[in-house]
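Fair warning: this is a prediction, and the values are worked out from it, not measured in the lab. Positions are given from 1, in the same order as the sequence printed here.
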Amino acid sequence: LDFRSASFRRKRLSETFVYRPYDTRNECILRVTRIAEKDRRPICHSRSDSLSILVVLVMFIEQPPFFYRMLFPETIWRIPGDKKTVYLTFDDGPIPQVTPWVLDVLDYYEVKATFFCVGDNVARNPNLFQVIRDRGHQVGNHTMNHVKGMSMSPEKYVRNVMNAHDLIQSRLFRPPHGHMLPGQAKLLKKDFSIIMWDVVTRDYSNKLSGEQVFGNVKRYARNGSIIVFHDSIKAERNLHYALPRTINWLRENGFLFKTL
């Protein structure tokens, strides 16, 4: 079974964002540069072209920094152990266009994972949701409608999560985008283990290639990492390239796979 045949080869330039900080009036100017495959050509040619944002925002993407994790002490970001172990997770499914392929890849490599499911998708695809469980994978709650906690009251947010719980019946919960208010986390921790992540692959990004998504795993994965992929339409192209290679690379580097 050759999963490489499903990968996509693109001729256009790959885009990687490189941040070059330097101090100016107590703020950090971050320069965004596009790197071509053969030559490096900056988008910004002067400081006036640069983007002014806080340094901390740069670190939030692939691997959240320590101080950000401390804002939510009731959540789980990483589970280091005596042996090198990683936890593959998949968000936003189940959907018939992508989830069955993911399950087939995991079966082929004899890997078990954890699927954080959106309640609406479970309601639309109950048989596929059952297949995830039947194949020995763990499931978790990803809200009913993939809602953003920052835009909802704690009570309304928890109500949405509990609506999904009626369908999913799991004590694992992950907030969409990793965003929620402290009050929401305080209420949810009474009934759920709140699972965040140590590495987000950014497979959903149309600015990244499959090679770059795979590169994020190689750069940041470590003992205890909870790694996020997505069984979604947006992630499908990058997932086809990165998932089989990720499993092979992790196994070659001595990592074991566990479910949450």
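- Atom CD1 in Ile226 sits 11.5 Å away from atom OG1 in Thr85 (nearest 0.5 Å).
- Counting non-hydrogen atoms of neighbouring residues, nucleotides and ligands closer than 6.0 angstrom, the CD atom of Gln169 exceeds 12 such neighbours.
- Arg174 has no carboxylate O lying under 4.0 Å from a charged side-chain N of Asp92, or vice versa, which leaves the two without a salt bridge.
- Within the model, atoms CH2 of Trp197 and CD1 of Ile227 stand 13.5 Å from one another, a figure rounded to the nearest 0.5 Å.
- In terms of modelled atom types and a separation under 3.5 Å, the side chain of Gln138 and the main chain of Thr259 share no donor-acceptor contact.
- Remark: Asn238 CG to Tyr204 OH distance equals 11.0 Å, nearest 0.5 Å.
- Side-chain contact check for Val122 versus Pro94: some heavy-atom pair is nearer than 4.5 Å.
- In this structure, the side chains of Arg78 and Met196 stay at 4.5 Å or more apart for every pair of heavy atoms.
- Taken from OG1 in Thr201 to CG in Leu88, the straight-line distance is 10.0 Å, to the nearest 0.5 Å.
- Ring orientation note: the planes of Phe229 and Phe90 are close to parallel, at an angle under 30° on the 30°/60° scale.
- You'll find the side chain of Val98 stays beyond 4.5 Å of the side chain of Lys234, heavy atoms only.
- Counting only distance, with no hydrogens or angles, the side chain of Asp198 and the backbone of Ala221 share no donor-acceptor pair below 3.5 Å.
- A donor-acceptor contact closer than 3.5 angstrom links the side chains of Asn216 and Arg219.
- For Arg171 (side chain) and Asp191 (main-chain N/O), a donor-acceptor pair under 3.5 Å exists by modelled atom type.
- The shortest side-chain heavy-atom distance between Pro175 and Ile194 falls under the 4.5 Å cut-off.
- For the pair Lys258 and Tyr87, the cation-pi test (distance below 6.0 Å, angle within 45°) is failed.
- For the pair Asp203 (side chain) and His230 (backbone), a donor-acceptor distance under 3.5 Å is present.
- Transitive grouping of hydrophobic side chains (ILVMFWY, heavy atoms separated by less than 4.5 Å) brings Val105 and Tyr241 into a common cluster.
- Here the side chain of Gln184 pairs a donor or acceptor atom with the backbone of Gly149 at under 3.5 angstrom.
- A donor and an acceptor atom, one from each side chain of Asn141 and His165, are nowhere located under 3.5 Å apart.
- Proximity of Leu167 to Met144: side-chain heavy atoms (C-beta onward) are separated by under 4.5 Å at one or more points.
- Side-chain N or O atoms of Arg69 include one that pairs as donor or acceptor with a backbone N or O of Pro64 at under 3.5 Å.
- Here Ser170 contributes atom OG and Phe192 contributes atom CZ; the two are 8.0 Å apart, rounded to the nearest 0.5 Å.
- Both Val199 and Leu243 belong to a common hydrophobic cluster when Ile, Leu, Val, Met, Phe, Trp and Tyr are linked at side-chain heavy-atom distances under 4.5 angstrom.
- Defined by atom type and a distance below 3.5 Å, a donor-acceptor pair is present between the side-chain atoms of Arg124 and Asn121.
- Within the 3.5 Å criterion, the main-chain N or O of Ile132 finds no donor-acceptor partner in the side chain of His137.
- Proximity of a side-chain donor or acceptor of Thr114 to a complementary backbone N or O of Leu260 within less than 3.5 Å is detected.
- A donor-acceptor contact shorter than 3.5 Å links the side chain of Arg251 to the backbone of Tyr109.
- Atoms NZ and NE2, from Lys148 and His179 in turn, are 8.0 Å apart once rounded to the nearest 0.5 Å.
- Trp101 and His240 have parallel rings, their planes meeting at less than 30° on a 0 to 90° scale where 60° marks the start of perpendicular.
- When all heavy atoms are compared, the tightest approach of Ile168 to Cys117 is CD1-O, 3.3 Å.
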